[in-house]
Amino acid sequence: MGIMVFATALSYQNSALKDDRPTDLFGAIAQLKHELNAVILAHYYQDPDIQDIADYIGDSLGLSQQAAATDADVIVFAGVHFMAETAKILNPNKLVLLPDLAAGCSLADSCPPDAFAHFRAQYPDHLVVSYINCTAEIKAQSDIICTSSNAVKIVQQIPTDQPIIFAPDRNLGRYVMQQSGRELVLWNGSCIVHETFSERRIVELKVHHPNAQVIAHPECEPPVLRHADYIGSTTALLSYVQQSDRQSFIVATEPGIIHQMQKAAPQKTFIPAPSTSNCNCNECPHMRLNTLEKLYLCMKNRTPEITVPDDIRVRALRPIQRMLEMSAA
Ligand code: 13P
Ligand code: SF4
């Protein structure tokens, strides 16, 4: 009985959604954007349709910088929860919308606030540098935030006698250690998407495409990074393929970025790095929860809205501002 009521409610919701859906979603979103004085910020891992309608597409750093600078009244964040939360922390008086509130991040989930507080307490003299892929509660426990594009630069600005905890991504942490020559105490977190790439299958691809270069995000596991000709954030990978004189690339990050790579260099070939099993596990299941239709609905209904409790917001703001200052340095 209960199941039938649920099924009826669901089919009612679906038919209401269908009836409500405008035939021209792109036009309807553009109209709502105008009415709300909204800006649409999208990460490179979003579906191509969403990237095509966004005002700005970027990596986590670029998106934070845009969120900090915007004079729009409403920020529509086509990305995952921690990114929209960062925009809200920077803009407490603006309405920040996320098309699907369930769009989380496995890496952020791998660092629960209580466990991290306990970990941090074991290293009282350490500075905490946290990757932006973490919750507001973790940011509130951090001294400086970083992204994949500025992590090395930020750690290099910290005096060498200052011990550092780096959280939550152990792979980015190891990469920063290698690049900066600094010892870091690492939180043992990782991303389900970037740990899925298969070293064996990448090597097989290299054999079939001997002229292709492997380009990888630093969240990948060390065996994959060892095969990389170039390692960088999504924005850095995009610039690299544009500038390189190579014609083909094996791309070891979420394949959403390939949409912009194809637009920027249509004559070049981009091969998504495969995962260990024959699944689409290289697509971020959280990012892909957002759809063009949900983007339209969140603007139409002005919900789901991101909120951050004020005490956490104030403590989380300081390390984000330090990142923005140190990135400009
Ligand atoms: P970027 O810093 O390249 O945006 O990385 C974000 C991310 O979620 C990688 O998984
Ligand atoms: Fe999080 Fe990984 Fe998805 Fe990036 S790709 S949002 S780190 S789960």
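Whatever order the structure lists ligands and atoms in, that order sets their numbers, starting from 1.
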Any atom of ligand 1 sitting under 4.0 Å from a heavy atom of Y45? yes
Is the shortest distance from a Lys or Arg side-chain nitrogen in D229 or R246 to a carboxylate oxygen in the other one below 4.0 Å? no
Based purely on interatomic distance, does T147 place a nitrogen or oxygen under 3.5 Å from a nitrogen or oxygen of ligand 1? no
Could you label the plane-to-plane angle of the F249 and F270 rings as parallel, tilted or perpendicular, counting under 30° as parallel and over 60° as perpendicular? parallel
Side chain, backbone, both or neither: the part of N133 lying under 4.0 Å from ligand 1 by heavy atom: side chain
Show which atoms of ligand 1 fall inside a sub-4.0 Å distance from at least one heavy-atom site of S233. 3 (O)
In ligand 1, which numbered atoms sit nearer than 4.0 Å to a non-hydrogen atom of D59? 1 (P), 3 (O), 4 (O)
Just to confirm my output: which protein heavy-atom neighbour is closest to atom 9 (C) of ligand 1, and how far is it? E219 OE2, 3.0 Å
SB check K263 D52 (cutoff 4.0 Å): yes
Where is the nearest protein heavy atom to atom 6 (C) of ligand 1: which residue, which atom, and how far? S60 OG, 3.5 Å
Is there a side-chain contact between L238 and M261 in this structure, where contact means two heavy atoms from C-beta onward sitting under 4.5 Å apart? yes
Any side-chain heavy atom of F119 sitting closer than 4.5 Å to one from I165? yes
Mind checking whether S148 has an N or O less than 3.5 Å away from an N or O of ligand 1? yes
Could you tell me whether E221 and R170 make a salt bridge, using a distance below 4.0 angstrom between a side-chain N and a carboxylate O? yes
Those atoms of ligand 1 less than 4.0 Å from some heavy atom in T234: 1 (P), 3 (O), 4 (O)
Under 3.5 Å, is there a donor on one side chain and an acceptor on the other for N290 and Q46? yes
Looking at ligand 1, is there an atom of it that comes within less than 4.0 Å of some heavy atom belonging to E254? no
Under a 3.5 Å cutoff, is there a donor and acceptor pairing between the side chains of S233 and D59? yes
Less than 4.0 Å between a side-chain N and a carboxylate O, is that true for R313 and E85? no
Between T147 and S149, is any side-chain donor less than 3.5 angstrom from a side-chain acceptor? yes
So for E219 against ligand 2, with non-hydrogen atoms under 4.0 Å, the contacting part is side chain
Check the side chains of S180 and Q156 for a donor-acceptor pair under 3.5 angstrom, ignoring hydrogens and angles. no
Which heavy atom of the protein is the closest neighbour of atom 5 (O) of ligand 1, given with residue, atom name and distance? H217 NE2, 3.1 Å
Can you confirm, on distance only, whether ligand 1 has an N/O atom lying under 3.5 Å from any N/O atom belonging to H43? yes
Atom 1 (Fe) of ligand 2: protein N, O or S atoms that are less than 2.8 Å away, sorted by chain: C105 SG
Heavy atoms only: give me the nearest R288-P255 pair and the separation to one decimal. NH2-C, 4.1 Å
